[in-house]
J.: 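The following block contains the structure, expressed as structure tokens.
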Amino acid sequence: MKNREYIIQRFRVLYQSKWAIKGKSQQQFADEIKKILPDSGINKTYVSRLVNGVYAPRPHLLQAICTVLGVNASEFDPQSRNDKYRYSVDYAKKVEGDLERRAIEDFKIDLTFFQGLRNIMPDFEEKYPKYSPLHYYGIEDSNHKFYERSVPAKTQKIPDGESLFQITRDGKTIFLTPFDLKTIKLIQGSIAKYASALFEKLTKEFEKAEADANLKQAEMQPDLKSVGVENWYEYILSDEELQKIDKLGIYTEQERKKYNFSDIKNDGSDK
């Protein structure tokens, strides 16, 4: 998958080093392309816009351009690791795959958890504390502190929905790194511990609510002989009273509407 930005950059470099340096004109370049592709419609104006980075060479012209410049078509594919990182979607997908493997195998990260964390935090990319290594600048560089965080390198953006380990911040797409996997592992462990403690706390609250409900019911329970069996339901705690005791489990009419629970009875069953 070729990157338009990279093709523009490479064409300008190759045109200058393989054509313009020989004193050849843009019109001559257009004429040479027409010899190979008579119906290409290329002219001096089009070549000028290529040279100035306004246009990227059309895909069907690339081979002819390579022939005229005397280069291989691979010149328009990122070669160095840095160029691949910045311009190649395929390379970015490889980096994504490597990070996914390391997250699972080396850090024991549950990818479902991580995806869920991103889903429930609309501002995840803005707030995530992206790690960058400390770089030593020394005492002679007055523009920096002794140590400063290095600036993360921009990478090629993987299509939306396909990347779990990329974030976009200030218009720049960057990858998380193995250092960030340590952070995610820490978050995962902390949330698991918090959830475990919360489960224990809620279990105790549920047990206490049951005890409190029975105690309050006993306090108001009349002698059935005096009220009659047919009037027994008049002496049951109301939903509003139970809601105050069992806050997560009982729904008043107000809460039924709020949470769209009109089809759920207060005993938890469907109608």
Side-chain angles (χ1 to χ4, degrees), residues 1-103 125 130 132-133 135 150-181:
M1 187 181 297
K2 295 186 182 296
N3 180 278
R4 181 179 184 277
E5 184 181 351
Y6 184 76
I7 292 175
I8 289 174
Q9 171 191 301
R10 287 303 295 159
F11 175 81
R12 299 180 72 186
V13 170
L14 292 169
Y15 180 87
Q16 293 299 326
S17 63
K18 301 291 184 179
W19 190 264
I21 198 172
K22 298 177 182 179
K24 296 182 178 182
S25 69
Q26 294 177 1
Q27 183 61 59
Q28 288 174 304
F29 187 84
D31 292 341
E32 289 300 313
I33 296 293
K34 286 180 181 179
K35 289 178 182 179
I36 301 172
L37 296 173
D39 298 327
S40 64
I42 192 170
N43 54 34
K44 179 183 176 181
T45 299
Y46 182 78
V47 175
S48 175
R49 289 175 178 172
L50 292 178
V51 171
N52 289 301
V54 178
Y55 291 162
R58 301 186 197 116
H60 73 282
L61 291 178
L62 270 182
Q63 188 55 58
I65 287 173
C66 289
T67 300
V68 172
L69 293 176
V71 299
N72 190 282
S74 62
E75 287 283 355
F76 288 95
D77 295 320
Q79 299 298 318
S80 70
R81 181 185 179 278
N82 287 342
D83 282 343
K84 288 180 180 179
Y85 189 83
R86 182 172 181 180
Y87 296 109
S88 172
V89 173
D90 291 337
Y91 188 78
K93 287 184 177 181
K94 179 182 181 301
V95 174
E96 176 79 10
D98 289 343
L99 282 169
E100 181 176 310
R101 178 191 59 76
R102 294 205 64 182
E125 297 196 358
K130 176 72 179 74
S132 295
H135 179 78
S150 57
V151 178
K154 179 181 178 181
T155 187
Q156 179 62 26
K157 182 176 177 60
I158 297 176
D160 291 343
E162 295 185 27
S163 177
L164 185 59
F165 298 98
Q166 283 185 336
I167 61 174
T168 299
R169 186 173 293 170
D170 299 326
K172 183 171 75 171
T173 298
I174 56 180
F175 265 115
L176 303 184
T177 68
F179 300 106
D180 293 293
L181 297 183

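In this text, all values refer to a predicted model and were calculated from it rather than measured experimentally.
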J.: Is the shortest heavy-atom distance from the side chain of V95 to the side chain of F165 under 4.5 Å?
T.: no
J.: Counting only heavy atoms not in K130, do more than 12 sit closer than 6.0 Å to its NZ atom?
T.: yes
J.: Would you kindly say whether S88 and Q156 are connected by a side-chain donor-acceptor distance under 3.5 Å?
T.: no
J.: Quick check: closest heavy atoms across I65 and F29, and the distance to 0.1 Å?
T.: CG2-CZ, 4.1 Å
J.: Would you check if Q16 and I21 make a side-chain contact, meaning some heavy-atom pair closer than 4.5 Å?
T.: no
J.: Look at atom NZ of K44 and say whether more than 12 heavy atoms of other residues, nucleotides or ligands are closer to it than 6.0 Å.
T.: no
J.: Could you report the tightest heavy-atom contact between I42 and A30, atom names first, then the distance?
T.: CG2-O, 3.7 Å
J.: Can you name the closest pair of heavy atoms from A92 and I158 and give their distance?
T.: O-CD1, 3.6 Å
J.: In Å and rounded to the nearest 0.5 Å, what is the CH2 to CG distance from W19 to L69?
T.: 7.5 Å
J.: What's the shortest heavy-atom distance between A153 and I174, and which atoms?
T.: O-CG2, 3.4 Å
J.: Could you check whether R10 pairs with E75 (Lys NZ or Arg NE/NH1/NH2 to Asp/Glu carboxylate O, under 4.0 Å)?
T.: yes
J.: Heavy atoms, side chains only, cut-off 4.5 Å: are D160 and K157 in contact?
T.: yes
J.: Out of curiosity, L164 CG to L99 CG, how far, rounded to the nearest 0.5 Å?
T.: 9.5 Å
J.: Counting only heavy atoms from other residues, nucleotides and ligands, does the tally under 6.0 Å from CZ of R49 exceed 12?
T.: no
J.: Do the numbers put R58 on top of the ring of Y46, so that NZ or CZ is under 6.0 Å from the six-membered ring centre and no more than 45° off the axis?
T.: yes
J.: Just by distance, do the side chain of N43 and the backbone of T45 share a donor-acceptor pair under 3.5 Å?
T.: yes
J.: Testing the 3.5 Å rule here: is there a donor-acceptor pair between the side chains of Q79 and D83?
T.: no
J.: Starting from the C-alpha separation in whole Å, work towards a yes-or-no answer on side-chain contact (heavy atoms from CB on, under 4.5 Å) for I167 and L176.
T.: CA-CA 7 Å; I167 61 174; L176 303 184; 4.3 Å; yes
J.: Check whether any side-chain heavy atom of Q26 lies under 4.5 Å from a side-chain heavy atom of V51, and answer yes or no.
T.: yes
J.: Looking at R86 and E5, is there a salt bridge between them, counting it only when a charged N and a carboxylate O are closer than 4.0 Å?
T.: yes
J.: Quick one: does Q28's side chain have a donor or acceptor within less than 3.5 Å of a partner on S25's backbone?
T.: yes
J.: Parallel, tilted or perpendicular for Y87 and Y6, by the 30°/60° rule?
T.: tilted
J.: Between S74 and D77, is there a donor-acceptor pair closer than 3.5 Å when you use the side chain of the first and the backbone of the second?
T.: no
J.: What distance do S163 atom OG and K93 atom NZ have between them, rounded to the nearest 0.5 Å?
T.: 10.5 Å
J.: Determine, step by step, whether D180 and T177 satisfy the side chain to side chain donor-acceptor pair (under 3.5 Å) criterion, reporting the C-alpha distance in whole Å, the side-chain angles of both residues, the deciding distance to 0.1 Å, and the verdict.
T.: CA-CA 5 Å; D180 293 293; T177 68; 3.1 Å; yes
J.: Using a strict cut-off of less than 4.0 Å between a Lys/Arg side-chain nitrogen and an Asp/Glu carboxylate oxygen, indicate whether R102 and D98 qualify as a salt bridge.
T.: no
J.: Should L50 and R12 be marked as a side-chain contact (heavy atoms from CB on, under 4.5 Å) after you check the CA-CA gap, both sets of side-chain angles, and the distance that decides it?
T.: CA-CA 7 Å; L50 292 178; R12 299 180 72 186; over 6 Å; no
J.: Using modelled atom types and a 3.5 Å cut-off, is there a donor and acceptor pairing between side-chain atoms of S132 and backbone atoms of S150?
T.: yes
J.: Could you go through K18 and V71, starting from their C-alpha distance and side-chain angles, then the distance that decides it, and tell me whether this counts as side-chain contact (heavy atoms from CB on, under 4.5 Å)?
T.: CA-CA 9 Å; K18 301 291 184 179; V71 299; 3.9 Å; yes
J.: Could you report the tightest heavy-atom contact between E162 and E96, atom names first, then the distance?
T.: O-OE2, 4.0 Å
J.: Let me confirm one number: the NZ-CG distance from K84 to N3, rounded to the nearest 0.5 Å.
T.: 14.0 Å
J.: Say you draw a straight line from CD1 of I36 to OG1 of T67; how long is it, rounded to the nearest 0.5 Å?
T.: 4.5 Å
J.: Any donor-acceptor pair under 3.5 Å linking the side chain of E125 with the backbone of T168?
T.: yes
J.: If the threshold is 4.0 Å, N to carboxylate O, is there a salt bridge linking E32 and K35?
T.: yes
J.: With under 30° as parallel and over 60° as perpendicular, where do the rings of Y85 and F175 fit, or are they tilted in between?
T.: tilted
